[in-house]
Amino acid sequence: MCGRTSCHLSKEVLARACAYRDRQGQRRLPEWRDPDRYCPSYNKSPQSSSPVLLSRLHVEKGADSSERVIAPMRWGLVPSWFKEADPSKLQFNTSNCRSDTIMEKRSFKVPLGKGRRCVVLADGFYEWQRCQGTNKTQPYFIYFPQIKTEKVSSASESMGAADGPEDWQKVWDNWRPLTMAGLFDCWEPPEGGDCLYSYTIITVDSCKGLNDIHHRMPAILDGEEAVSKWLDFGEVSAQEALKLIHPTENITFHAVSSVVNNSRNNTPECLLPVDSLVKKEPKASGSSQKMLQWLATKSPKKEDTKAPQKAESDVPQWSSQFLKKSPLSHRRGADLLERWLKREKEEEPVAKRPHTQ
C-alpha cells in the first residue's frame, strides 16, 4: 500500500525535473494547471493535494496526447458517478488501487477505460515495518537511487561549494522524483459547483528489496519510456499500458524518525535518516547525502507566502477545495541539515535491507 508521501519541490523545479520529449522529439517542460493550489509538503496523506502528470489531451480538445501538464489533485479518487454532495461520505478507501483487481471495481475500471491515466509525483513515499513481538513500527522513506553528477559532487564537498540560492538550485535540479502510476477521475457536485479532480495510486506486490518492510508497494514507472507510454492514452491502449504495472527493484530507502507518524508534522525532519537524530557524528549513504543537500535549498513555501490568497469563491476548476494548508516549520530541520552537511564525503553505497527487530 501507499499511505504517505513527500513532495516539497517548488513548482518551477518540479516542472524542470519532469522535462520530456514530445512526439516530434523536442525537449519540453510540462505546463502547470492551477499552480496556486499546489502546496509543497514533507508529509502528505490521503485527502491532501499532490501534483500529477497527465496528457494535455485531457484538458485541451484536439491537443497532442504526447504533451503533458502538471495539476494538483486530491489524493483519494472520487468516482464521477458518486451522488452524495460531500465526497468525504464515500464509504470505501480509494487512495490505493490494487493492480490485480483494477478491472473488477467500477471506481477504477471506468476511468481506466476513459484513458484517465496519470503519474503521481513525489520525492518518495513512507512505509512502516512492524517490529516482531511488539506493537511498535519503524517508518522508512523510500525513493529512487540518486545518481551523482559533477554539479552534485562539487556541492557535496563543503558548504562553501554551494553558497547561494543559484548554486543550491543546481543541486535540486539533479534530484530524480519518484513517478508512480495512478488513475484520476473528475467528479461534479450534484448541486453544481467546481469539478473535483482526484486520483488513486496503483499498487503491486513488493519487490524483494522492500518485502521485509511491507508486502505492497506503489507501481513505479521507472524511466521516460514507461512514463510516456502510461500517459499517452491516445496512442497506447489500456491493455498495453497495464503491462507497465509491475514491481521494480530500482529503489532505495532509509529509516526515519517516528515524527512522520503524525501527518500534521510537516518539517524536513520527516525525511532525515534516523541516525542523524541520535548520533553526534552521523554518516549518510550517497543517496541520503544528496537528499539532505537537496533539502537545504531555499524553502518553496517562502515563495507561496508572497502570493495573494484566493477567496473560496474564486477557486478555479483544477482544484482540491477540501484541503487545509499547514505552514512548514523550518528552524529545527535547518539546524539538523546543517550538521549533516558538514560531514565527510562518503562513497555511493548500495541500498541496504532493513533489520527486522
- Can you name the residues that form a salt bridge (Lys or Arg N to Asp or Glu O under 4.0 Å) with R21, not counting sequence neighbours? none
- Item | N43 side chain vs N262 backbone, donor-acceptor pair below 3.5 Å | yes
- Does the pair R56/E31 count as a salt bridge with the N-to-O cut at 4.0 Å? yes
- Message: Centre-to-centre under 6.0 Å for H58 and Y197, is that the case here?
- Response: no
- Message: Whether the side chain of K44 engages the backbone of S49 through a donor-acceptor N/O pair (distance < 3.5 Å, no angle test) should be reported.
- Response: yes
- State the CG-SG distance between L54 and C118, to the nearest 0.5 angstrom. 7.0 Å
- Quick check: does any side chain N or O of W32 sit under 3.5 Å from a backbone N or O of A71, one acting as donor and the other as acceptor? no
- Query: Apart from L57 itself, what residues make up its hydrophobic cluster when side-chain heavy atoms of I, L, V, M, F, W and Y under 4.5 Å apart count as a link, directly or indirectly?
  - Reply: F233
- Item | Partners meeting side chain to side chain donor-acceptor pair (under 3.5 Å) with N250 (sequence neighbours left out) | D222
- Query: Parallel, tilted or perpendicular: which describes the rings of W75 and Y199, with under 30° parallel and over 60° perpendicular?
  - Reply: parallel
- Query: Between I201 and F125, is any pair of side-chain heavy atoms under 4.5 Å apart?
  - Reply: no
- Query: Can you find a heavy atom in the side chain of T137 that is under 4.5 Å from one in the side chain of S258?
  - Reply: no
- Message: Can you list everything that forms a side chain to side chain donor-acceptor pair (under 3.5 Å) with R117? Sequence neighbours excluded, please.
- Response: none
- Message: With rounding to the nearest 0.5 angstrom, report the CZ to OG distance, F141 to S257.
- Response: 14.0 Å
- Listed by chain and number, what are the side chain to side chain donor-acceptor pair (under 3.5 Å) partners of D100, not counting sequence neighbours? R98
- Message: For S228, give me all partners under side chain to side chain donor-acceptor pair (under 3.5 Å), at least two apart in sequence or on another chain.
- Response: none
- Task: Under the salt bridge (Lys or Arg N to Asp or Glu O under 4.0 Å) rule, collect the residues that match up with K61, sequence neighbours excluded.
- Result: none
- Task: Using the salt bridge (Lys or Arg N to Asp or Glu O under 4.0 Å) rule, take K229 and E240 through it: C-alpha gap first, then chi angles, then the decisive distance, then the call.
- Result: CA-CA 9 Å; K229 287 183 176 178; E240 283 298 309; over 6 Å; no
- For S95 and N93, does a side-chain donor sit closer than 3.5 Å to a side-chain acceptor? yes
- Note on the structure: Residues at least two apart in sequence or cross-chain that pass side-chain contact (heavy atoms from CB on, under 4.5 Å) with E188, listed by chain then number, are C195
- Is a donor on one side and an acceptor on the other found under 3.5 Å between the side chain of N211 and the backbone of S206? no
- Any side-chain donor paired with an acceptor under 3.5 Å for D232 and S65? yes
- Single-linkage hydrophobic cluster, 4.5 Å side-chain cutoff, L29 and L121 together: no
- Message: Please verify the inter-ring angle class for H8 with Y42; under 30° counts as parallel, over 60° as perpendicular, anything in between as tilted.
- Response: parallel
- Check: H215 side chain, L210 main-chain N or O, donor-acceptor pair, under 3.5 Å: no
- Query: Do the side chain of Q129 and the main chain of E127 share a donor and acceptor less than 3.5 angstrom apart?
  - Reply: no
- Query: Around E225, counting heavy atoms of other residues, nucleotides and ligands shown, do more than 12 lie under 6.0 Å from its CD?
  - Reply: no
- Message: Donor-acceptor check, side chain of S66 to backbone of R23, threshold 3.5 angstrom: yes or no?
- Response: yes
- Any residue meeting ring pair (Phe, Tyr, Trp, His ring centres under 6.0 Å) with W128, in chain and number order, not counting sequence neighbours: none
Please table the atom pairs, donor to acceptor, closer than 3.5 Å between any side-chain atom in residues 101-114 and protein atoms at least two apart or in another chain.
none

- Item | Polar side-chain atom of E249 near backbone of K208 as donor-acceptor pair, under 3.5 Å | yes
- Output, in order, the C-alpha distance, side-chain angles, deciding distance and verdict of ring-ring contact (aromatic ring centres under 6.0 Å, His included) for H254 and Y143. CA-CA 9 Å; H254 59 253; Y143 50 101; 5.4 Å; yes
- Message: So, using salt bridge (Lys or Arg N to Asp or Glu O under 4.0 Å) as the criterion, who are the partners of E224 when residues are at least two apart?
- Response: R68
- Quick one: is the NZ or CZ of R176 closer than 6.0 Å to the six-membered ring centre of F144, and within 45° of its axis? yes
- Item | Main-chain N/O of D123 paired to S6 side chain as donor or acceptor, under 3.5 Å | no
- Message: Donor-acceptor check, side chain of T203 to backbone of R216, threshold 3.5 angstrom: yes or no?
- Response: no
- Any chain of hydrophobic side-chain contacts (each under 4.5 Å) joining V120 to Y20? no
- Query: When rounded to the nearest 0.5 angstrom, what is the spacing between CZ in R74 and CZ in F184?
  - Reply: 15.5 Å
- Is there a path from V204 to I213 through hydrophobic residues (I, L, V, M, F, W, Y) whose side chains come within less than 4.5 Å of each other? yes
- Item | Partners passing salt bridge (Lys or Arg N to Asp or Glu O under 4.0 Å) against R116 (at least two apart in sequence or in another chain) | D185
